[in-house]
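In the text below, chain A, chain B and the rest are named by the order of the sequence lines, each starting its count at 1.
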2 protein chains.
Amino acid sequence: MSTIKEVCQLAGVSTATVSRTLKNPNMVNVKTRERIFAAIEKAGYRPNVMASSVKTGKSNSLVVLVPNLSNPFFLRIIQGIEKAAQENGYSVLLGDTQGEPHREHEYAGMVLSNRADGLIHLDHSFPFSDNDALLAEKVPMVSVCERIVSDKQYPVIELDNYSACRALAKHLTSYGHKRFGIIAGQNESQIFRDRLGGIKSVLNEEGIDFDDSMVVGNEYSYESGSAGAKALLAGKVRPTAIFCFNDDIAIGAIHEIKKHGLKVPDDISVVGFDNIKVSAYMDPPLTTIDQPAYEMGRKAVEVVLQQIRKKPLTRNREIVQFRIIERASSGAVSS
Amino acid sequence: MSTIKEVCQLAGVSTATVSRTLKNPNMVNVKTRERIFAAIEKAGYRPNVMASSVKTGKSNSLVVLVPNLSNPFFLRIIQGIEKAAQENGYSVLLGDTQGEPHREHEYAGMVLSNRADGLIHLDHSFPFSDNDALLAEKVPMVSVCERIVSDKQYPVIELDNYSACRALAKHLTSYGHKRFGIIAGQNESQIFRDRLGGIKSVLNEEGIDFDDSMVVGNEYSYESGSAGAKALLAGKVRPTAIFCFNDDIAIGAIHEIKKHGLKVPDDISVVGFDNIKVSAYMDPPLTTIDQPAYEMGRKAVEVVLQQIRKKPLTRNREIVQFRIIERASSGAVSS
DNA sequence: CTGTTAGCGCGTTCAT
DNA sequence: ATGAACGCGCTAACAG
C-alpha cells in the first residue's frame with residue numbers, strides 16, 4: 001500500500017536508487033543501501049508487481065491448463081510445475097478447463113493479455129481452434145502427456161506410450177493371457193493410438209487375435225472403469241486380462257469385477273497406468289506403469305521458461321522414462 | 001502485443017473512447033462502437049491487464065494456499081474455488097505451501113505486492129508469525145476447514161467437526177464397539193481438538209473409558225494411516241474400531257490391517273473422514289463423513305470477494321453441513 | 001554510484 | 001458523446 005516514493009522520502013534518495021537496491025543491490029553504495037533497506041522496512045514497502053510488469057512486459061507467471069483436477073496424476077505434475085516455477089520466481093495460475101474448449105480459450109487468452117508469460121497444457125485432448133492455432137504460434141507453451149498433432153509442432157514432454165503398453169502386454173502374455181479387454185479414457189487422442197498400437201503389436205507378434213469391440217470406455221474416471229468392466233463382462237467372450245488406460249479406471253474396473261463375484265487376478269488380471277499413489281494401497285495392489293509425473297512437471301517449466309527467455313530449444317520432444325510396476329492385480333491366467 | 005493506440009488509429013478515435021467501449025459500452029455511440037470493435041478485431045487487440053491493474057489497484061486474482069496438493073479433498077475445494085473465481089472474473093494463483101511457513105509467507109506476500117487481491121487458506125495448521133498477523137489485519141482472507149485461533153478473528157468456512165465425530169462415534173457405539181483407536185492427522189490443530197472432543201463426549205455418555213495412548217498419527221497420508229494402524233495393533237488391547245481423521249489415513253490403515261490377516265469390518269471397523277471419491281471404491285467401501293468440499297470452495301470465494309468489495313460480512317463463521325456415509329467398512333463388533 | 005527524465009499501457013477526470 | 005491530458009508505480013536509459 002505504501003509506494004516507492006515514500007521510501008525515497010524516508011531514505012532521501014531517488015526512485016531509481018530504490019529500484020536498483022531491490023534489483024541489483026551491488027550496484028549501489030553499501031551505506032545508502034542500508035539506509036534504503038531500513039526505509040523499506042519502516043514503510044512496510046512492497047513493490048507493486050503490476051507496475052513493474054507494465055514496464056518489463058513480464059508477468060512472471062505461468063498458466064497451467066488442466067482438463068480434470070480430480071486426477072491425482074495431473075496433480076502430481078502440477079506439484080512439480082509449482083515447485084519449479086517457484087524456484088524460478090514464477091507463480092502459477094490454475095486453469096481448470098473441464099475439457100471445455102471455451103474455458104481453455106479464455107485461459108489461453110491470459111497470455112495474450114499479459115497476465116501470464118507462458119502456457120502449460122496437461123493432456124490436451126482436442127485440437128486448437130483456428131484462432132488459438134494462430135495464438136499458439138507466438139505464445140511460449142508446452143504440452144505434457146499429449147502431443148498435439150497439427151501443422152506447428154509444439155514442444156511436448158511425454159512418455160513413450162507405445163513402448164510402455166508393449167511392456168504391459170508382454171507382461172500379460174507371459175502370464176499366458178490370450179483374451180484381452182481395454183478400457184480407454186479417450187479414443188480420439190494420440191495417446192490412445194500409441195497405446196493401442198503398442199498392445200496390438202505385441203498381440204500380433206504372439207499370434208493373438210484382438211477384436212476392436214473389446215475396446216470400451218471414454219473417460220478417465222472410476223465410473224467409466226466400472227461401466228467399462230461391466231460391458232466387457234457382459235460380452236460373449238470374457239477377457240482374462242484388462243488394460244485400463246489409467247489407475248482410476250482400473251480402480252473402478254476392479255470394483256465392478258469384484259461385485260460380479262470374480263477375483264482379481266485369479267479370474268481376471270487388471271493393469272492400470274500412471275502409478276498414482278493410492279494404487280499401491282488397493283486390494284489387490286495395482287500393476288501399472290509409473291510415469292515420473294513430478295519430473296514431467298519440472299521439465300515442462302524448464303521448457304516454457306526457455307521459450308520465454310528466447311533460448312533456443314534443445315529439442316522439441318522430450319521422452320521421459322516409464323517403469324513397469326508389477327503388483328498383485330495381474331497374475332497367471334487360470335486354466 | 002498490439003496496444004490500445006493501434007486500435008485508436010484504426011478506428012480514428014481517442015484512447016478514452018476505446019477504453020470506454022470496453023468497460024461501459026453503452027456510454028459510447030453505437031456507430032463508433034461498432035467501428036471500434038471492428039478495429040479491435042482487426043488489430044487482434046487484447047487489453048493489457050497489468051496496465052489496467054496499475055490504475056485500478058485490483059489484480060482480479062486470488063491466492064489459494066494449500067498445504068498438500070495430493071489430498072483429493074483439498075482438490076475438490078480448489079475446484080469449487082476455481083469455478084466461483086472464474087464466474088466472478090477472477091483467476092486463481094496456486095500456492096503449494098508444503099506446510100512450510102516460509103513458503104506460506106512468500107505467497108501471502110503476493111497480496112501485499114498487488115499480485116492478488118485476496119487470500120484463501122486451506123487447512124492452515126500453524127499460527128501466523130507476528131509479521132503475518134499484522135498482514136492479516138488488512139488483507140481480505142478466509143480460512144477453509146480450520147479456524148485460526150488468534151486475537152483477530154478471520155472468517156472461516158468449516159464443518160462442525162465436533163458434531164460430525166459425535167455422529168461417527170454414536171454410529172460405532174451403536175454397533176457395540178467399546179475399544180477405540182484414533183489415527184489423527186495433526187495433534188495441535190483446532191480440528192484435532194474438536195474431533196477428539198466429539199468422540200470423547202460420546203464415549204463419556206456411554207460410560208466407555210478411553211486412553212489417550214490410543215491416539216496416534218500426525219500426518220494426513222496413506223503412510224501415516226498404515227503406520228498408525230501398525231502401532232495400534234501392536235498395543236496391549238487391540239481396538240475393535242478405529243477413527244481415521246481422513247480417508248487417506250483410513251485407506252492406509254485398512255491396507256495395514258489386511259496385511260495382518262485381519263478383516264474389515266469383521267475384526268476391526270474403520271471409519272474415515274471427508275468422503276473423497278475413491279472411498280466408495282475401496283474394499284470394503286469406507287464409512288466416512290461427507291464434507292461438501294466443492295461448496296466450501298465456492299463459499300470461500302464469496303467471502304473473500306465480499307471483503308475485497310468492502311461489503312460488510314454477514315457472518316464471520318460459516319458452518320457447512322456434514323453427512324455421515326455409512327458403508328461397509330464399519331459393522332457390528334464381533335463377539 | 002546516483003539523480004533526472006521518459007515512458008510502459010491504460011483509466012479517468014476535465015473540457016468541449 | 002468524445003478528446004486531451006495527466007498519472008498509476010515502477011524501470012531503464014542517459015547524464016553527471
What is the distance, rounded to the nearest whole Å, between atom [atom1] of [X] and atom [atom2] of [N]?
X	N	atom1	atom2	result
Tyr45(A)	dC10(D)	OH	P	3 Å
Gln9(B)	dG3(D)	CD	C1'	15 Å
Asn114(B)	dG9(D)	CG	C1'	9 Å
Lys58(A)	dA12(D)	NZ	C1'	16 Å
Arg20(B)	dA5(D)	CZ	C1'	13 Å
Ile36(B)	dC10(C)	CD1	P	14 Å
Asn48(A)	dC8(C)	CG	P	18 Å

Position toward the 5' end of DNA chain C (nearest nucleotide), Thr3(B) or Arg33(A):
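The residue whose closest nucleotide sits nearer the 5' end is Arg33(A).
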For the student: nearest non-hydrogen atoms of Ile81(B) and Val301(B), plus distance:
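Nearest heavy atoms, Ile81(B) then Val301(B): O-CG2, 3.5 Å.
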Does Thr15(A) put a side-chain nitrogen or oxygen below 4.0 Å from OP1 or OP2 of dC10(D)?
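No, no such contact exists.
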Look at the side-chain N and O atoms of Thr17(A) and state whether any lies under 4.0 Å from the OP1 or OP2 oxygen of dT2(C).
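Indeed not, no polar side-chain atom of Thr17(A) lies that close.
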With sugar-phosphate meaning primed atoms plus P, OP1 and OP2, does [X] contact a base, only sugar-phosphate, or nothing at under 4.0 Å between heavy atoms?
X	value
Val13(A)	sugar-phosphate
Thr32(B)	sugar-phosphate
Val18(A)	nothing
Val28(B)	sugar-phosphate
Ser19(B)	base

Proximal nucleotide (of dC8(C), dT4(C), dA1(D)) relative to the Ala16(A) side chain:
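From the listed options, dT4(C) comes nearest.
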Nearest-neighbour nucleotide for the Lys23(B) side chain, dT12(C), dC8(D), dT2(C) considered
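The closest nucleotide is dT12(C).
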Quick one: on DNA chain D, does Met27(B) or Ser52(A) contact a more 5' nucleotide (nearest heavy atom)?
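Looking at DNA chain D, the more 5' nearest nucleotide goes with Met27(B).
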How do Ala51(B) and Val30(B) order along DNA chain D: which one's closest nucleotide is nearer the 5' end?
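The 5'-side residue here is Val30(B).
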State whether the number of non-hydrogen atoms from other residues, nucleotides or ligands found under 6.0 Å of Glu87(B) atom CD is greater than 12.
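Yes, enclosed.
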More than 12 non-hydrogen atoms from neighbouring residues, nucleotides or ligands closer than 6.0 Å to CD on Gln321(B), yes or no?
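Result for CD/Gln321(B): open.
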To the nearest 0.5 Å, tell me how far Met50(A) CE sits from Asn114(B) CG.
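Spacing of CE (Met50(A)) from CG (Asn114(B)) equals 7.0 Å.
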Looking at CD1 of Ile4(A) and CG of Leu22(A), how far apart are the two atoms once the value is rounded to the nearest 0.5 Å?
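If I round to the nearest 0.5 Å, the distance is 7.5 Å.
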If you go through the side-chain atoms of Arg46(B), does one of them form a donor-acceptor pair with the base of dG9(C) closer than 3.5 Å?
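Counting by modelled atom types and ignoring angles, no donor-acceptor contact under 3.5 Å is found here.
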